[in-house]
2 protein chains.
Amino acid sequence: MKRNAPTLHDVAKAAGVSTATVSKFLNGAQRFSPAVEATINSVVAQIGYRSNELARSMITGETKTIGVAILDINNPHFTAVVKGANRVAIDAGYTLLFVDTEENQKRELQLLDTLSRRVDGLIISSRMSETDIKTVIDFGKPLVFFGQLETAKLVSICSAGQQGGYMLAQHLVNQGCKNIVYLGFSKSRWDRDRIAGVGECLESHGLSLKAYDAQAPFASEGERLCSLIMLGKDHPDAVICYNDLLAIGFMKEAQSLGFKIPHDVAVAGFDNVPYAEYVSPSLTSVNLQSEGMGELAMKKMLDLLAGRPTEEYTVLDPQLVLRESTSGRKRHA
Amino acid sequence: MKRNAPTLHDVAKAAGVSTATVSKFLNGAQRFSPAVEATINSVVAQIGYRSNELARSMITGETKTIGVAILDINNPHFTAVVKGANRVAIDAGYTLLFVDTEENQKRELQLLDTLSRRVDGLIISSRMSETDIKTVIDFGKPLVFFGQLETAKLVSICSAGQQGGYMLAQHLVNQGCKNIVYLGFSKSRWDRDRIAGVGECLESHGLSLKAYDAQAPFASEGERLCSLIMLGKDHPDAVICYNDLLAIGFMKEAQSLGFKIPHDVAVAGFDNVPYAEYVSPSLTSVNLQSEGMGELAMKKMLDLLAGRPTEEYTVLDPQLVLRESTSGRKRHA
DNA sequence: GTGAAAGCGCTAACAT
DNA sequence: ATGTTAGCGCTTTCAC
């Protein structure tokens, strides 16, 4: 364990050449005589020289690193996004650095600030205001954002939540459901789209929609709100949740309360998290292509970095994934 | 969107003072006359100056950032570790940077190398060889490792997997199970401990243990291996899985095959992931304190960074979390 | 209190 | 093919 790491200078001196030579050679910017190259190589190996990336980045202005800010690393939707982005980044020779912004929403801007200085670009999922987003834009780094902004104009990606909501509602109506409620999470940027789609569909069938609002998109909130939703007079025959986590919690509690799913109440969510398949009954969900969103975000980032043109606003298609919680039939293979 | 960010120099010039003054003031290293301070403040606000952390870090040698390498961000165990570490880091004024090493095990060393150059310390969860770990140690950054190493001497943390295994086995024996198998994941550093604990307990009861090995610690592997385990002659009456994910997959498939859990076969796992509570039947698990591990790792890192003494090797106590998959009774509140 | 000047470790013209 | 020389933006003695 070295205390003072060897510098380019040390290598140059030991190899009897100039720092410029060592620098160029090590960066593959230029070839040198075999003798020189060999000497440099051996010296590097000998003294265990490793370039100081900080100094290097300072000059080149490049870190070969992309920052990804996610809301909650415990949420499978976000981890899937990260997985997708990571894969693309690695293939392109970039490293992904993540920060989890949930634990400290107050410091989110500061966190992004810190992150932005260490990376070449930022991929952000956030609930912050458009004003704050403007601040982030002013950090001056290429930016890819999840979700559509009203005022700010930037590269962004989203899933067609409205269509997803419509699909889900249509499916439930087809199953004979008449009294459908939406268990939402209004703090999220996506909530509005989803409920709008559901509402639009129901309206077209002459049905009305009642909505509840969760404080957090967690299973525990689904559990908490279940009795409120199910133990009033004429309980709903279907519940569409803002996400799968809420739905999973809701299902558990509903079953504890003695309801049969989907017989007494059908339940569905959004995100198609892996666990949707493993709960009982398995959960019908709208696949929003979480991983695909991550991949796409990273691809757009690479476009931005390379100065290639990239579509400003991309919408991914949702897909209904039918399972037992709304069908009662054997789920599709 | 600024192209060239303003520098300390710009601030100094605009404020009519020297760069040294601005630097010292902004870092709170020294007080100046009210007039000067006010001018600097207003100039900074005006031109939107932000310190270049790269340049700063280059000199101070500090980044106020800790790198965390995790095996798979999709695994709830690891995300919990991250959550715990993140909380402690933020409270101490540090930022956490994560990398997911799964996608590219071949490049893991390189990834850690890249990461190590940008952070003050490294917290690592890895399956790499002790030789490779030596290389990481030579990066010269403070290091906290999850898991005990045989040769390398470094600050590390682990859960008492052996005790956890013993507890689980004892519990199943108490429930009357006689034919217990272990569905392991031998590539993991923890697998050996867990099976050892299980084996030790069974041996003390004159029972033998059969073991299977998964290729990955995922639910899909649990599903895949289920028929192999359950459809031979005299199937086991209890299956202890390396982790909850395997157990969840196994349970789903076992139920598809017509087995009742825990009546026909009891199932248990390790990690106590959030979803263990939401599957049916709910899954008995050994709580390894994932979040606590993350917190502790970060605390040790802070000790290291501050030059405080810290226990070299810490073992966290496991706790059996009893649920329906092994008890048949109503689960504990 | 305030500033001049010397670097941190590296890259990038521009020589030679 | 190799070296010289400026910095990058910042901190930090050490003067005044």
Side-chain angles (χ1 to χ4, degrees), chain A residues 2-41 43-44 47-65 113-114 116-118 120 139-141, chain B residues 2-41 43-44 47-65 113-114 116-118 120 139-141:
Chain A
K2 292 250 154 34
R3 264 308 109 208
N4 332 2
T7 73
L8 234 209
H9 226 91
D10 300 333
V11 177
K13 205 161 57 184
V17 294
S18 79
T19 59
T21 300
V22 179
S23 171
K24 285 179 205 152
F25 172 59
L26 257 26
N27 290 317
Q30 199 183 310
R31 300 300 311 250
F32 292 86
S33 68
V36 169
E37 300 196 347
T39 323
I40 294 178
N41 276 140
V43 168
V44 166
I47 68 178
Y49 167 76
R50 303 191 314 140
S51 139
N52 180 330
E53 290 298 314
L54 251 40
R56 177 167 213 283
S57 295
M58 197 172 106
I59 296 173
T60 61
E62 261 202 354
T63 63
K64 282 290 177 186
T65 297
D113 190 2
T114 304
S116 81
R117 301 163 195 263
R118 299 178 151 64
D120 294 343
F139 289 170
K141 297 281 176 153
Chain B
K2 294 250 155 34
R3 263 308 108 209
N4 333 1
T7 73
L8 234 208
H9 226 91
D10 300 332
V11 176
K13 205 161 56 185
V17 295
S18 77
T19 60
T21 300
V22 180
S23 169
K24 286 177 203 152
F25 172 57
L26 258 27
N27 290 316
Q30 196 183 313
R31 300 302 309 253
F32 292 84
S33 68
V36 170
E37 299 194 349
T39 322
I40 294 179
N41 275 139
V43 168
V44 165
I47 68 178
Y49 167 76
R50 305 190 312 137
S51 138
N52 179 328
E53 290 299 315
L54 250 41
R56 179 167 212 284
S57 294
M58 197 173 106
I59 295 173
T60 62
E62 262 200 355
T63 64
K64 282 290 177 186
T65 299
D113 191 2
T114 304
S116 80
R117 300 165 196 263
R118 300 176 150 66
D120 293 343
F139 289 169
K141 297 280 177 156

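Convention: sequence-line order gives letters A, B, ...; per-chain numbering from 1.
- Summarising the geometry, the separation between CG on A:Asp10 and P on C:dG9 is reported as 8 Å, rounded to the nearest angstrom.
- Atom CG in A:Leu54 sits about 17 Å away from atom P in D:dC8, given to the nearest Å.
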Test A:Ile47 against A:Val11 for side chain to side chain contact (heavy atoms under 4.5 Å, CB included), laying out the working first. CA-CA 8 Å; A:Ile47 68 178; A:Val11 177; 3.9 Å; yes

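- Counting only distance, with no hydrogens or angles, the side chain of B:Ser23 and the backbone of B:Thr19 share no donor-acceptor pair below 3.5 Å.
- At whole-Å resolution of the value, NE2 in A:His9 and P in C:dG7 are 11 Å apart.
- The salt bridge (Lys or Arg N to Asp or Glu O under 4.0 Å) test applied to B:Glu37 returns B:Arg31, not counting sequence neighbours.
- Under 4.0 angstrom from either OP1 or OP2 of D:dG9 there lies no side-chain N or O belonging to B:Thr7.
- In this structure, A:Arg117 places its CZ atom 16 Å from C1' of D:dC8, rounding to the nearest Å.
- Using a distance-only test at 3.5 Å, with no hydrogens or angles considered, a donor-acceptor pair links the side chain of A:Arg118 to the main chain of B:Thr63.
- Taking the side chain as every heavy atom from C-beta outward, A:Val22 and A:Val17 approach each other to under 4.5 Å.
- A:Thr114 is not listed as a side-chain neighbour of B:Lys64, based on a closest heavy-atom distance of 4.5 Å or more.
- Side-chain contact between B:Thr21 and B:Ile40 is present, with heavy atoms from C-beta onward closer than 4.5 Å.
- With the end axes of the helix from C:dG1-D:dC16 to C:dT16-D:dA1 each set by five pairs, the angle from one to the other reads 30° at 10° resolution.
- In this structure, the CE atom of A:Met58 is 11 Å from the P atom of D:dT11, given to the nearest Å.
- Atom CD of B:Glu53 and atom CD of B:Glu62 lie 10.5 Å apart (nearest 0.5 Å).
- As rounded to whole Å, 15 Å separates atom C1' of D:dT12 from atom CD of B:Glu62.
- One interatomic measurement links the two molecules: CG of B:Leu26 to C1' of D:dT12, which rounds to 15 Å at whole-angstrom precision.
- Considering OG of B:Ser57 and CZ of B:Arg117, their distance stands at 15.0 Å, rounded to 0.5 Å.
- Rounded to whole Å, atom C1' of D:dG9 lies 6 Å from atom CG of B:Asn52.
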Produce a footprint string for nucleotides 11-16 of chain C: one letter per nucleotide, 5' end first; B if the base is under 4.0 Å from any protein heavy atom, S if only the sugar-phosphate is, - if neither. BBB---

